[in-house]
Amino acid sequence: MSKQQLISIVAPAYNEEEVLPEFVKRTTAVLESMSDYDYEIVLVNDGSKDRTLEVIKQLKLSFPKITLVNLSRNFGKEIAMTAGLAESKGDALIVIDTDLQDPPELIPELVAKWQEGFDMVYAKRKTREGESWLKKATAAAFYKFMQNIGSTPIPPNVGDFRLISRRVTDALLQLPEKHRFMKGLFAWVGYPQTEVLYDRDARFAGDTKWNYWKLWNFALEGLTSFTIAPLKIASYIGLATALSAFLYGLFILVKALIWGDDVQGFPTIMISMLFLGGVQLLVLGVIGEYLGRAFNEVKQRPLYFIESVDEARCEKQVEHVENEALGESSKSKPEERAA
Ligand code: UDP
Ligand code: MG
């Protein structure tokens with residue numbers, strides 16, 4: 001091996017003063033034991049309100065392989081992670097929480113899978129300790145829903161803890177959208193992926209930054225950035241309602257024409273009301289369809305990423321390769337040789 005490969009640990013931290021020293025200690029111990037690789041620990045301070053920044057600066061004195069990325073304010077974990085990915089230089093990057101819920105001891109296993117050729121190795125939770133049954137149940141429901149309705153299947157029970165290769169990182173950073181639901185984006189970029197199972201520990205110290213309101217918004221974010229299904233459902237409900245309104249209107253009209261109008265004005269009022277309501281819902285549905293398309297365009301995602309191309313060997317190239325085999329300099333271009 002000519003040059004040691006670099007592993008970047010990307011860890012967002014928001015009010016984690018109590019855990020950071022232990023996190024850095026445990027992570028460094030694991031990385032030091034992997035003598036084939038060089039490493040950096042990129043800690044992103046996401047506008048913490050406690051002494052997180054000072055703690056990181058202090059840690060940097062004894063652990064020089066720490067890179068500190070200090071954000072100007074609290075942007076939330078998704079953005080903090082993106083900032084960390086953008087600042088990392090590694091050949092492989094490992095996204096991990098600083099609260100030690102993701103055991104750093106799993107890193108060698110993730111790296112081993114990467115060496116087998118996988119571009120993304122996500123850590124899948126076998127158990128979720130220290131989490132209420134309500135959180136477990138809502139998480140399960142969310143994954144189930146996304147699995148069924150979303151066009152990008154998001155693997156269940158997988159957090160952000162994972163290894164991604166350099167090319168996946170570059171792909172992710174090409175996604176310009178502002179609403180960054182990372183779990184979905186990770187799944188969206190594709191490339192060969194595999195999983196490693198682990199037990200999720202309880203938080204080492206401090207409190208979770210999530211509450212149900214935030215989780216609900218997070219779920220909405222995932223739903224709205226990865227599927228226009230709700231919009232589609234709305235337009236079909238509109239279509240169905242409009243259709244039945246028209247039919248009912250027709251029925252009242254025919255009834256009034258045949259048997260007369262017992263309640264004065266009732267058919268006129270009903271018909272105009274149903275007609276207007278139906279037309280409105282139908283038009284809303286049409287707007288919804290266009291809105292969905294505009295929404296997808298506005299995200300400006302790249303159309304695709306290429307995993308590999310196995311090129312056709314046309315004559316010129318074959319000749320070139322043969323010449324190379326005969327010992328001609330591979331650097332000389334065909335034109336130069338012709339001259
Ligand atoms: N985090 C962050 N910015 C935030 C909230 C959280 O960078 O606004 C970090 C936090 O420091 C931790 C990780 O994201 O490293 C996960 O947060 P938390 O443990 O609160 O979430 P949970 O594990 O309960 O899902
Ligand atoms: Mg946590």
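Numbering of ligands and ligand atoms starts at 1, following listing order. Being a predicted model, the structure only gives us computed values, none of them experimental.
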Think Arg73 forms a cation-pi with Phe75, using NZ or CZ under 6.0 Å from the six-ring centre and within 45 degrees of its axis? yes
Under 4.0 Å between a Lys/Arg side-chain N and an Asp/Glu carboxylate O for Arg293 and Glu289? yes
What part of Lys77, side chain from CB on, backbone N/CA/C/O, both or neither, has a heavy atom under 4.0 Å from ligand 1? both
The atoms of ligand 1 lying under 4.0 Å from a heavy atom of Asp97, numbered in the order shown, are 13 (C), 15 (O), 16 (C), 23 (O)
Hey, would you say the Phe181 and Phe218 ring centroids sit under 6.0 Å apart? yes
Among Asp36, Asp91, Asp38, which one satisfies side chain to side chain contact (heavy atoms under 4.5 Å, CB included) with Gln4? Asp38
Need the ligand 1 atom indices (1-based, order shown) with element for anything under 4.0 Å from a heavy-atom of Glu16. 10 (C), 11 (O), 12 (C), 15 (O)
Indicate, as side chain, backbone, both or neither, the part of Gln101 found under 4.0 angstrom from ligand 1 when only non-hydrogen atoms are considered. side chain
Can you label the angle between the Tyr198 ring and the Phe161 ring as parallel, tilted or perpendicular, going by 30° and 60°? perpendicular
Taking the N/O/S atoms of Asp99 one by one, which is nearest to the Mg ion (ligand 2)? OD2
N or O contact, Pro12 vs ligand 1, cut-off under 3.5 Å: yes
Between Val44 and ligand 1, which residue portion shows a heavy-atom distance shorter than 4.0 Å: side chain, backbone, both, or neither? neither
Give the contacting part of Asp46 toward ligand 1: side chain, backbone, both or neither, where contact means a heavy-atom distance below 4.0 Å. side chain
Using a 4.5 Å cut-off on heavy atoms from C-beta on, say whether the side chain of Trp114 contacts that of Asp119. no
